[in-house]
Amino acid sequence: METGRQPCIVWDFDGTLGDTMPMIVETARRVLIGFGLTEDELGDLRRLVGPPFPQAFSMVYGLSEADAAEVTRRYREIYGTYGPEAWPAFPGIPELLADLAEDGRTLAVASSKRTPLLRRCVGEAGIADQFAIVMGKDSDGKVSKADTIKAAVKAAGFSLDEAVMVGDRHFDVEAAHEAGIPCIGVYYGDTAPAGELEKAGAASIAHTVDELRRLFLA
């Protein structure tokens with residue numbers, strides 16, 4: 001089946017549906033500086049967009065499991081106070097989702113965000129009505145995103161060969177491959193460095209929402 005024509009489309013949230021990077025970066029900087037890291041040590045905070053918390057803080061900054069858990073607790077304490085301005089849908093995404101639904105596609109979200117926050121973000125972004133399934137993680141254990149993707153496809157009533165993933169980081173591409181489905185990589189959220197998605201093996205690339213639309217609805 002040609003990539004982009006699958007009846008089930010599974011979406012990542014951060015950097016793919018929602019423009020969340022600015023507030024993720026701002027909140028992480030505030031928390032990590034408060035935890036004792038310097039600006040030089042922080043480097044490119046965009047690296048935190050993609051991998052699950054608290055593991056991301058160990059992966060990117062080498063924090064111990066206990067320290068990563070504490071940083072995550074402080075992060076969530078702040079992030080949870082935000083409203084819709086922290087996770088707006090990218091321009092053109094609501095219209096694309098509506099047109100895909102009208103085209104008969106079934107849409108699902110599979111994210112490393114905790115499920116209650118994910119559902120809140122999708123709802124406050126004004127796109128919840130377009131999704132049959134919104135699935136995040138229920139704990140901070142090492143939950144495989146591939147398992148979340150597979151569970152979302154199954155819950156939507158499809159087999160894996162009927163599904164495609166859309167994501168903005170190599171984590172999404174790799175998780176999709178582990179789950180057994182292709183992944184369309186997107187760069188419009190400015191979360192991945194140039195070439196990352198191609199190197200990870202994305203089946204197709206979209207630099208804009210319009211390019212993504214053409215992949216699905218040409």
Side-chain angles (χ1 to χ4, degrees), residues 1-21 49-50 84 87-113 115 118-136 145-192 197-198 200-218:
M1 183 182 295
E2 181 183 351
T3 300
R5 297 310 306 169
Q6 289 87 340
C8 179
I9 306 172
V10 183
W11 302 73
D12 176 52
F13 185 78
D14 291 318
T16 303
L17 291 169
D19 186 6
T20 56
M21 185 182 68
V49 181
W87 35 77
F90 284 103
I93 283 291
E95 295 81 4
L96 173 57
L97 298 175
D99 289 346
L100 287 168
E102 186 175 343
D103 191 51
R105 313 295 186 90
T106 297
L107 309 179
V109 181
S111 170
S112 294
K113 265 181 158 44
T115 300
L118 175 63
R119 289 178 176 162
R120 179 183 163 200
C121 292
V122 172
E124 291 183 353
I127 53 178
D129 288 349
Q130 307 299 344
F131 290 100
I133 302 294
V134 176
M135 192 170 291
K145 186 159 188 177
D147 286 340
T148 304
I149 293 168
K150 288 189 285 188
V153 172
K154 182 178 180 180
F158 292 89
S159 60
L160 292 171
D161 61 1
E162 296 176 298
V164 64
M165 178 80 185
V166 186
D168 65 307
R169 294 297 315 276
H170 70 88
F171 305 100
D172 301 310
V173 181
E174 292 159 0
H177 288 172
E178 185 181 342
I181 68 175
C183 184
I184 295 173
V186 299
Y187 280 111
Y188 51 74
D190 195 30
T191 52
L197 300 171
E198 292 89 339
S204 300
I205 297 293
H207 290 89
T208 66
V209 175
D210 282 343
E211 286 184 9
L212 186 59
R213 170 181 287 277
R214 288 194 289 274
L215 284 172
F216 282 131
L217 295 169

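Counting only distance, with no hydrogens or angles, the side chain of Tyr188 and the backbone of Phe90 share no donor-acceptor pair below 3.5 Å. No side-chain donor-acceptor contact under 3.5 Å links His177 to the backbone of Pro182. At least one donor-acceptor pair closer than 3.5 Å links the side chain of Arg105 to the backbone N or O of Gln6. One N or O on the side chain of Glu162 and one on the backbone of Ser159 form a donor-acceptor pair closer than 3.5 Å. In this structure, the side chain of Asp172 engages the main chain of Asp168 through a donor-acceptor pair within 3.5 Å.
Between Asp14 and Val49 there is a side-chain heavy-atom pair separated by less than 4.5 Å. Contact of the Val166 side chain with the Leu212 side chain is registered, since non-hydrogen atoms from C-beta on lie closer than 4.5 Å. When side chains are defined from C-beta on, Leu160 counts as touching Lys150, because their heavy atoms get closer than 4.5 Å. Looking at heavy atoms from C-beta onward, Asp99 lies in side-chain contact with Arg213 at the 4.5 angstrom threshold. Between Thr106 and Ile9 the shortest side-chain heavy-atom distance does not fall below 4.5 Å. The closest side-chain heavy-atom distance from Val10 to Val109 is not below 4.5 Å. Side-chain contact check for Phe13 versus Thr20: some heavy-atom pair is nearer than 4.5 Å.
Taking SG of Cys8 as the start and CD1 of Ile181 as the end, the distance is 7.5 Å to the nearest 0.5 Å. The distance from atom CG of Leu96 to atom CZ of Arg214, rounded to the nearest 0.5 Å, is 11.5 Å. With rounding to the nearest 0.5 angstrom, the CG atom of Leu97 is 13.0 Å from the CD atom of Glu102. Rounding to the nearest 0.5 Å gives a distance of 5.0 Å between OG of Ser204 and CG of Leu215. Here Ile127 contributes atom CD1 and Ile93 contributes atom CD1; the two are 7.5 Å apart, rounded to the nearest 0.5 Å.
Between Ala152 and Ala108, the shortest heavy-atom distance links the atoms CB-CB, 4.4 Å. Of all the heavy atoms in Ala155 and Met135, the pair that sits closest is CB-CE, 4.2 Å. Of all heavy-atom pairs between Ile205 and Glu211, the closest is O-OE1, 4.1 Å. Nearest heavy-atom pair, Ile149 versus Ala179, reported as atom, atom and distance to 0.1 Å: CG2-CB, 4.0 Å. Here the shortest heavy-atom pairing between Ala110 and Thr148 reads CB-CG2, 4.0 Å.
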Which is it for Met165 and Ile184 under the side-chain contact (heavy atoms from CB on, under 4.5 Å) test, yes or no, and what are the steps along the way?
CA-CA 6 Å; Met165 178 80 185; Ile184 295 173; over 6 Å; no
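Ring geometry for Trp11 against Phe216 counts as tilted: the plane angle lies between 30° and 60°, on a 0 to 90° scale.
Among the candidates Lys113, Lys145, Arg169, the single residue satisfying the side chain to side chain donor-acceptor pair (under 3.5 Å) test with Asp12 is Lys145.
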